[in-house]
Amino acid sequence: MTVPSLPVRLEAVIFDWAGTLVDFGSFAPTKVFVEAFAQFGVEVSLEQARGPMGMGKWDHIRTLCDEPAIASQYEAKFGHLPTDDDVTAIYERFLPMQLEKVAQYSAAIPGAVEVLNTLRDRGLKIGSCSGYPRSVMDRVIERAATEGIGPEYVVASDEVPRARPAPAMALKNVVELGLADVAGCVKVDDTAPGIEEGRRAGMWTVGLLLSGNAAGLTLDEYQQLDAAGRDTARTRANQELSGAAPHFLIDTVADLPAVIIDIESRLAAGQRP
């Protein structure tokens, strides 16, 4: 017997933070990763540091330590390949540096406040999650609130058993916001693990091409790009995000309202993510 599918309406949008709502270019974590490894005598480039972005920060450091070019430096310095204890030591050096600097880089991305207001006017709830641990997120939340950014719910990476790309943080938003169906949720993120998180949770997913980690541009660099430069940056970012199969790709969060209207139309027509 075929069970008819129940109608689904759009209920919520779940946002990432760095590179999505705040910190254009996602520089707060990237630069601190470089500085933390440097304190152990290991050179990590900004490009390398960006590679695992979106994961929880301990997992991010573990992934960097598994890169042959980084692991060989560590082995030359300490006489062995980095163990989990070594990763924890780097993480424990990283965390206070991140706490010190995160607010400095957490200015709202242009258009973010206006988009959140537009979504609320449409009756949508606003959730969020981050690769930051709670201690760092509290600083980000405090800084963002001064500019009018305040989701109804926030999940940090150390508040679930497994962070991105696992779906736990996105699904915790579903539970805490009291949502009826994951198909009525949209996950917005600037990283492949964050998009994969939304896909695994059964949500619509929107990838951001130019405001976050994939492009790695400062706000000034982004604003100075001509049309050809933006196309080049989009192509580079698309290559990084396409493997996670986002349903939609846009430049920045400012472009989200048109996608929301599209998703509402698709749901009304019986489509699901």
Side-chain angles (χ1 to χ4, degrees), residues 13-36 46-47 49-61 63-64 91 94-95 97-113 115-116 126-147 149-151 153-159 163-165 169-170 173 187-198 205-219 221-222 237 240-241 244 250-254 256:
V13 182
I14 300 169
F15 290 92
D16 172 52
W17 281 83
T20 300
L21 291 176
V22 301
D23 185 8
F24 199 104
S26 194
F27 282 96
T30 310
K31 290 186 175 182
V32 178
F33 279 126
V34 172
E35 293 173 13
L46 278 174
E47 184 177 357
R50 287 189 180 280
M53 198 67 71
M55 293 181 171
K57 301 315 177 193
W58 190 96
D59 292 329
H60 189 131
I61 293 169
T63 302
L64 288 175
Y91 176 79
F94 164 87
L95 189 56
M97 296 166 65
Q98 185 74 90
L99 283 166
E100 178 186 349
K101 296 190 177 185
V102 69
Q104 173 185 343
Y105 291 100
S106 293
I109 287 175
V113 174
V115 166
L116 295 184
I126 309 298
S128 66
C129 52
S130 174
Y132 286 134
R134 171 53 66 172
S135 58
V136 176
M137 269 313 305
D138 286 343
R139 302 253 178 127
V140 176
I141 292 167
E142 182 180 4
R143 169 73 168 83
T146 66
E147 298 190 62
I149 293 179
Y153 191 67
V154 181
V155 184
S157 62
D158 58 351
E159 295 178 320
R164 299 168 182 162
M169 287 195 290
N173 272 271
K187 176 67 199 305
V188 184
D189 208 292
D190 67 304
T191 68
I195 294 166
E196 187 174 349
E197 170 195 22
T205 55
V206 181
L208 303 179
L209 292 169
L210 298 185
S211 67
N213 185 70
L217 299 167
T218 67
L219 179 58
E221 288 170 342
Y222 165 73
E240 181 172 329
L241 298 181
I250 57 178
D251 286 352
T252 78
V253 68
L256 185 62

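Please read all numbers here as calculations on a predicted model, not as lab measurements.
Considering all non-hydrogen atoms of both residues, G56 and A163 come closest at N-CB, 4.3 Å. Heavy-atom minimum distance, I14 versus C129: CG2-SG, 4.2 Å. When all heavy atoms of E35 and K101 are compared, the pair lying nearest together is OE1-NZ, 2.8 Å. Listed here is the closest heavy atom pair of A18 and Y132: CB-OH, 4.2 Å. Closest of all the heavy-atom pairs between I109 and G19 is CD1-C, 3.5 Å. Shown here for A112 and I149, the closest heavy-atom pair between the two residues is CB-CD1, 4.0 Å.
T252 has its side chain out of reach of P110: every pair of non-hydrogen atoms, C-beta onward, lies at least 4.5 Å apart. Side-chain atoms of L95 and S135, non-hydrogen and from C-beta on, do get closer than 4.5 Å to each other. Side-chain contact between D59 and P52 is absent, with no heavy atoms from C-beta onward closer than 4.5 Å. Considering only heavy atoms from C-beta on, L21 comes within 4.5 Å of L116 through its side chain. Proximity of L256 to F15: side-chain heavy atoms (C-beta onward) are separated by under 4.5 Å at one or more points.
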For this session: Let me see the working for K187 and I195 under side-chain contact (heavy atoms from CB on, under 4.5 Å), right down to the final yes or no.
Result: CA-CA 7 Å; K187 176 67 199 305; I195 294 166; over 6 Å; no
Problem set entry | S26 and D190: CA distance, side-chain angles, deciding distance, side-chain contact (heavy atoms from CB on, under 4.5 Å) verdict | CA-CA 9 Å; S26 194; D190 67 304; 4.2 Å; yes
Exercise. Where do T205 and D189 land on the side-chain contact (heavy atoms from CB on, under 4.5 Å) test, with the steps shown first?
Worked result: CA-CA 8 Å; T205 55; D189 208 292; over 6 Å; no
Exercise. Run the side-chain contact (heavy atoms from CB on, under 4.5 Å) check on V154 and R134 step by step: do they pass?
Worked result: CA-CA 9 Å; V154 181; R134 171 53 66 172; 4.2 Å; yes
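Taking CG of L208 as the start and OG1 of T191 as the end, the distance is 9.5 Å to the nearest 0.5 Å. With rounding to the nearest 0.5 angstrom, the CD atom of Q104 is 10.0 Å from the CG atom of D23. For the atom pair OG of S157 and CE of M55, the computed distance is 12.0 Å after rounding to the nearest 0.5 Å. In this structure, the separation between CG on L210 and OH on Y222 is 6.0 Å, given to the nearest 0.5 Å. Separating the CD atom in Q98 from the CD atom in E100 is a distance of 10.5 Å, to the nearest 0.5 Å. Interatomic distance, CD of E240 versus CZ of R50, reported as 9.0 Å (0.5 Å rounding).
Residues that satisfy the side-chain hydrogen bond (donor to acceptor under 3.5 Å, both in side chains) test with R143, not counting sequence neighbours, are E147.
Relative ring orientation between H60 and F33 is described as parallel, the plane-to-plane angle staying below 30° on a 0-90° scale split at 30° and 60°.
R164 contributes no side-chain N or O that, together with a main-chain N or O of E197, makes up a donor-acceptor pair within less than 3.5 Å. Put simply, the side chain of D251 never gets that close to the backbone of S211: no donor and acceptor are under 3.5 Å apart. Looking at N173, its side chain never comes within 3.5 Å of a backbone N or O of G127 through a donor-acceptor pair.
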